Amino acid sequence: MSLSATQIRYLRSLAHDLRPVILLGNKGATEAVAKELASALDIHELVKVKLSGGDKDERQEQIDFLTGHTGAEKVQEIGHVVVLFRRNDQDPKLALPR
C-alpha cells in the first residue's frame with residue numbers, strides 16, 4: 001500500500017505527540033526487534049522507533065531492515081527517530097483521509 005501525500009501529512013501530525021515504542025540498542029535492528037515491531041504495529045498501526053547511534057547510512061540500513069521485515073512504510077525520519085505505519089486489516093485503528 002502506497003501512502004498519498006495527504007495521508008503522510010495526516011500521519012505525521014498524529015505521530016508528533018507519540019513517544020518512541022521501540023528503542024534500538026548497540027546491536028541495532030535484529031530479528032527479535034522486527035518481531036516486536038510487528039507486534040506493536042498490529043496494536044497501534046503508527047509507531048515511533050528510536051534508532052541506535054551511527055552514521056546516516058547505518059540508520060538507513062536499520063530502517064530498510066525494519067520496513068522489509070514488517071511490511072511497514074516509513075512516514076517520517078528526523079535524526080535518530082523514524083515513524084512507521086502499517087494498516088491492521090482486521091481491526092483498523094486509524095481512518096486515513098483519501
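Quantities reported herein were computed from a predicted structural model and do not represent experimental measurements.
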>> Using modelled atom types and a 3.5 Å cut-off, is there a donor and acceptor pairing between side-chain atoms of Gln7 and backbone atoms of Pro97?
In response: yes
>> Surrounding CG of Asp55 (heavy atoms of other residues, nucleotides or ligands, distance under 6.0 Å), is the total greater than 12?
In response: yes
> Is a donor on one side and an acceptor on the other found under 3.5 Å between the side chain of Lys48 and the backbone of Leu18?
Replying inline: yes
> Same hydrophobic cluster for Phe65 and Val49, using side-chain heavy-atom links shorter than 4.5 Å among ILVMFWY?
Replying inline: yes
> For Ser52, does its backbone N or O pair with a side-chain atom of Arg59 as donor and acceptor, under 3.5 Å?
Replying inline: no
> At their closest point, which heavy atom of Arg86 faces which heavy atom of Ala38, and how far apart are they?
Replying inline: NH2-O, 3.0 Å
> Which of these, Val47, Leu24, Ile63, sits in a side-chain contact (heavy atoms from CB on, under 4.5 Å) with Val82?
Replying inline: Ile63
>> Would the distance check show the side chain of Gln76 and the main-chain N or O of Arg12 forming a donor-acceptor pair, the cut-off being under 3.5 Å?
In response: no
> Can you tell me how far CG of Leu11 sits from CG of Leu84, rounded to the nearest 0.5 angstrom?
Replying inline: 11.0 Å
> Hey, quick one: are Val21 and Leu66 part of the same hydrophobic cluster, counting side-chain heavy atoms closer than 4.5 Å, chains of contacts allowed?
Replying inline: yes
>> Using 0.5 Å steps for rounding, measure from the CD1 atom of Ile8 to the OG atom of Ser13.
In response: 12.0 Å
>> Can you confirm whether Lys50 is buried at NZ, in the sense that more than 12 heavy atoms of other residues, nucleotides or ligands lie under 6.0 Å from that atom?
In response: no
>> When you measure from the side chain of Arg87 to the backbone of Glu45, do you find a donor-acceptor pair of N or O atoms at a distance under 3.5 Å?
In response: no
>> Is there a continuous path of hydrophobic side-chain contacts, each under 4.5 Å between heavy atoms, that joins Val83 to Leu96?
In response: yes
>> For Ala40, is there any backbone N or O sitting under 3.5 Å from a side-chain donor or acceptor partner on His44?
In response: no
